[in-house]
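Shown next, in structure tokens, is the structure this report addresses.
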Amino acid sequence: MICNDVRERLDDYLAGALDDEMRLAFESHAAACPECSADLGAANVLAPLTAALPRSIEPPADLWSGIAGRLAPRRPARWRMAALAAAAAILLVVASSAATLWFVHSRGEPVPIANNSTPAIEAGYVDASAALFRALDSERSRLAPATVATLERNLAVIDAAIAESRAALAGDPDNRALAAILWASYRQKVALLEQVTRLADQT
Amino acid sequence: MTELIERARQGDDTAFGALYREHAGRIHALCLRLEGDSGRADELTQDVFVRAWERLTTFRGESAFSTWLHRLAVNLVLTDRRSAWRRARREFTAEDPGLYERPREAPGPGLRLDLDQAIAALPAGARAVFVLHDVEGYQHGEIATLMGVAEGTSKTQLFRARRLLRKALDR
């Protein structure tokens, strides 16, 4: 064993974690090497003193006033909720307009529903409902458990309708009635989330 | 997550004041030992709690609040020290490269025990490694990452710190 090995293993030696062979080699080297012996001695002397150090040293009494003066007011949760709800409402208007435009344009001539505008319309509804859902999720604790349970049941029904319409549209992409049902389900979901978000904001 | 933390997360500074009173001693002791200067430790303790207030919304309760706060304090103090070391290097390299790493002549007020006084008098790098490893229980790998040094450097600094402390206590 050389000095570097002793340094490498000193903490394990102190913790009693070396096997017998390694411990004997360690002790044999430390006994013959003044440098390593000094390191071992220092660690042995310091270990109990370090363990006895107080873990807590109270600061001066007036420290808190300096901190309190620097705490920026945190924007209340209901403002964050309102901002998110407003963002979601804008997304909803954009999505609804896009859907209306699609219906107007598609009335005159047959336009496949799975054209370029369809993903954008759907993305608008998905974004609107996701934003509202995030806002609502952060404030879930404000709502009564019964309200949360009702919301979750209704959302599950709407999500099932959305999934069903999307699957049907995938098999029949030119069917405008199916598309209308899909957009109506999205509108229903966003309206429900908006309603419950407002409710959470008022409690 | 305790009710106090939840209220502080919502912006209740009274609740945050209660959290401060609960944890200030532990954070102040850490800052005092890492810095070795009571005036600077007071400033850093304040900075730690202001930073904690700013970051509290990111605390998810995955670890204990005391662990989260302790880690935040270590990061803040070491970042501050790295800036100080950089400043010291710029100021002293040309004239005296070892000046910023020399042991201090005398520790600042606020440290009562012999060992704490000896720790305060250590050179900054050796002091940080000793406090993190021997007092706070960090591993060399973690210390190396936190301080931006090689693991071998952390080990070398620890042996240096222990020898200097032994010498100081034997006086």
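Residue numbering restarts at 1 for every chain, and letters A, B, ... go by the order of the sequence lines.
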Where is the tightest heavy-atom contact between [X] and [Y], given as atom of each residue plus distance?
{"X": "A:Pro59", "Y": "B:Ala24", "result": "CG-CB, 3.9 Å"}
{"X": "B:His28", "Y": "A:Ile57", "result": "ND1-O, 3.0 Å"}
{"X": "B:Phe159", "Y": "A:Leu10", "result": "CE2-CD1, 3.8 Å"}

Using a cut-off of under 4.5 Å on heavy-atom pairs, state which of A:Ala43, A:Gly66, A:Ala42 scores highest against chain B.
A:Ala42
If we define contacts as heavy-atom pairs under 4.5 Å, which of A:Leu49, A:Thr50, A:Leu71 has the most with chain B?
A:Leu71
Report yes if the side chains of A:Leu53 and B:Ile119 come closer than 4.5 Å at any heavy-atom pair, otherwise no.
yes
Atom pair [atom1]/[atom2] of [X] and [Y] - distance to nearest 0.5 Å:
{"X": "A:Ser56", "Y": "B:His23", "atom1": "OG", "atom2": "NE2", "value": "11.0 Å"}
{"X": "B:Arg162", "Y": "A:Leu40", "atom1": "CZ", "atom2": "CG", "value": "10.0 Å"}
{"X": "B:Ile27", "Y": "A:Leu63", "atom1": "CD1", "atom2": "CG", "value": "12.0 Å"}
{"X": "A:Leu46", "Y": "B:Leu115", "atom1": "CG", "atom2": "CG", "value": "6.5 Å"}
{"X": "A:Arg55", "Y": "B:Glu136", "atom1": "CZ", "atom2": "CD", "value": "6.0 Å"}
{"X": "B:Tyr20", "Y": "A:Ile67", "atom1": "OH", "atom2": "CD1", "value": "4.5 Å"}

Flag the pair B:Glu54 and A:Arg70 as a salt bridge only when some basic side-chain nitrogen lies within less than 4.0 angstrom of an acidic carboxylate oxygen.
no
Assess whether a salt bridge exists between B:Lys155 and A:Asp39, defined as any Lys/Arg side-chain N lying under 4.0 Å from an Asp/Glu carboxylate O.
no
Against chain A, label [X] side chain, backbone, both or neither, depending on which of its atoms sit under 4.5 Å from a heavy atom there.
{"X": "B:Phe130", "value": "side chain"}
{"X": "B:Leu30", "value": "neither"}
{"X": "B:Asp47", "value": "both"}
{"X": "B:Ala8", "value": "backbone"}

Flag if over 12 foreign heavy atoms under 6.0 Å of CD, A:Glu164
no
Using a cut-off of under 4.5 Å for heavy-atom pairs, which of B:Gln46, B:His133, B:Lys167 has the most such pairs with chain A?
B:Gln46
